[in-house]
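The chain is numbered in sequence order, starting from 1. Atoms within a ligand are numbered from 1 in the order they appear, just like the ligands themselves.
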Amino acid sequence: MQNQTVKKQELETNKVKILVIEDEMSVRLGISCTLEGAGYKAKTADDGIDGIRLFEKENFDIVVTDLRLPGADGIEVLKSVKSLSPDTGVIVITAFANVKTAVEAMKEGAYDYISKPFDPAELLIVIDRFLKHRGLELENIILKEQIRERRQFEHIIGISPVMQTIFNTIAVVARTDSSVMIYGESGTGKELAANAIHNLSPRKDKPFIKINCAAIPETLLESELFGHEKGAFTGALQRRKGKFEAAHSGTIFFDEIGDMPLNLQAKLLRVLETHNFERLGGNEILTVDIRTIYATRKNLKDEVKAGNFREDLYYRINVLPVTLPPLRERKEDIPLLAEHFMKIFGEKVGKPDLTVSPAAMERLSAYSYPGNVRELKHAIEMVATLCTGNVIESCCLPPEIRGTDKKYVPLICDALPLAERVRMFEREVIAHVLEETDGKKKEAAKILHISRETLWRKLRELGFPVSSSDFED
Ligand SMILES: Nc1ncnc2c1ncn2[C@@H]1O[C@H](COP(=O)(O)OP(=O)(O)OP(=O)(O)O)[C@@H](O)[C@H]1O
Ligand SMILES: [Mg+2]
């Protein structure tokens with residue numbers, strides 16, 4: 001056991017390279033012998049200029065330099081070493097009582113100094129201290145990196161095995177420069193995943209530009225992407241840079257890529273293949289360096305088959321596919337997500353201790369969430385706002401989550417004030433009648449003995465989705 005420890009230490013010491021710059025031959029040889037004896041690799045130079053040259057050619061972990069040297073003095077050596085390799089430790093040797101220069105050297109970034117004459121063991125102690133300090137610094141950097149990495153995922157909640165695998169995949173794909181294609185139903189967290197990929201990538205400090213291909217009309221989408229020159233089309237009063245230019249050296253996220261019009265798909269493919277494009281109405285060829293991430297709720301393969309999506313573009317962008325599963329397939333995540341959103345919305349509405357009763361959590365976990373995480377988030381937001389008290393009971397949950405079996409026998413929350421209980425009850429009754437009448441408002445109003453106008457007003461007040469056409473004959 002002990003042997004192993006010694007061997008490991010020796011191996012580590014062997015890797016450490018030290019440059020000794022000292023003009024006095026006896027001192028130079030003395031130091032170099034001591035270092036070699038302790039298992040370090042030592043090289044020597046007898047003047048400042050030679051020392052700097054040697055350092056420029058080779059990398060050293062530590063430089064031990066005298067301050068008074070022919071050629072360049074110790075301070076010049078120190079400055080050159082630090083500007084070339086800030087991580088290299090510099091230990092300066094000062095003539096006895098020349099503390100002033102030693103202080104100057106420390107200010108310039110020397111790790112420590114020793115005064116002549118010195119015992120070689122003293123130098124070994126300083127070297128050992130530096131190596132330990134460097135080890136700790138490295139550990140610190142690694143720790144910080146790990147914390148940063150975890151923070152990127154902090155906003156994506158998931159303990160289910162499938163989400164854990166996705167976190168790992170995201171961490172791996174983030175480090176590459178390849179295209180990532182994120183699939184998933186609406187509300188599964190595709191945009192969050194895209195953010196995480198960018199934030200964990202080497203391009204994290206460069207721009208992250210998003211474009212939603214479904215939300216912008218075709219003609220606008222093109223100028224949004226490529227930018228335009230003044231006068232390129234009516235209304236183009238100035239030159240405008242597009243998203244490609246804005247994303248240069250960073251990442252561009254094409255949300256809902258499945259909705260990109262065919263004609264633009266061809267143009268996008270050209271940019272991906274050549275890295276070149278022109279602004280609309282311009283003839284200057286611009287070159288961009290971008291990493292691309294895509295998301296879609298559609299099955300792109302089916303879209304290719306249906307002729308809505310170019311096959312060549314599909315192969316070009318479907319390099320690293322990541323599929324986010326619907327929430328109903330990872331129910332283990334529901335309690336954690338619910339708590340996460342309760343914390344957010346609870347704090348927002350001044351109820352930082354908001355919790356869910358076990359029965360309500362059971363209902364939340366049993367529901368199938370066609371709108372996925374977004375639906376859960378909105379449900380919690382709504383109950384956090386509506387529910388008085390600090391505990392969310394099942395009866396506070398939206399009827400679809402509470403369960404269809406209990407639709408007409410509302411459990412009125414004991415914790416709610418009268419007006420709110422009445423309101424909930426009224427909502428339940430109306431919902432039930434609408435279900436019975438297949439959503440026919442005229443019939444529902446008749447059953448409820450109210451006018452259609454009153455029903456329309458109540459529906460709006462109680463947050464039902466309505467449009468005025470619902471009340472046309
Ligand atoms: N795992 C998760 N942890 C925490 N919040 C999440 C998670 N997944 C989704 N959300 C939240 O749910 C909402 C929807 O997520 P997001 O916009 O990323 O989904 P999407 O898949 O892009 O949906 P769409 O296809 O409708 O655009 C966001 O408010 C997001 O913050
Ligand atoms: Mg989205």
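Near ligand 1, His155, Ile156, Ile157, Glu185, Ser186, Gly187, Thr188, Gly189, Lys190, Glu191, Leu192, Glu256, Leu337, Phe341, Val373, Arg374, Lys377 each place a heavy atom less than 4.0 angstrom from the ligand.
Between the Asn372 side chain and the Arg374 main chain, no donor and acceptor come within less than 3.5 Å of each other. Here the side chain of Thr88 pairs a donor or acceptor atom with the backbone of Phe60 at under 3.5 angstrom. No donor-acceptor pair under 3.5 Å is formed between the side chain of Asn318 and the backbone N or O of Tyr314.
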Side-chain donor/acceptor pairs under 3.5 Å, residues 343-354, sequence neighbours excluded:
from	atom 1	to	atom 2	distance (Å)
Lys351	NZ	Ala384	O	2.7
Lys351	NZ	Cys387	O	2.2

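Scanning for side-chain contact (heavy atoms from CB on, under 4.5 Å) contacts around Glu224 gives Ile211, Ile216, Arg240, Lys243, with sequence neighbours left out. Every residue two or more places apart in sequence or in another chain that forms a ring pair (Phe, Tyr, Trp, His ring centres under 6.0 Å) with Phe130 is listed here: Tyr111.
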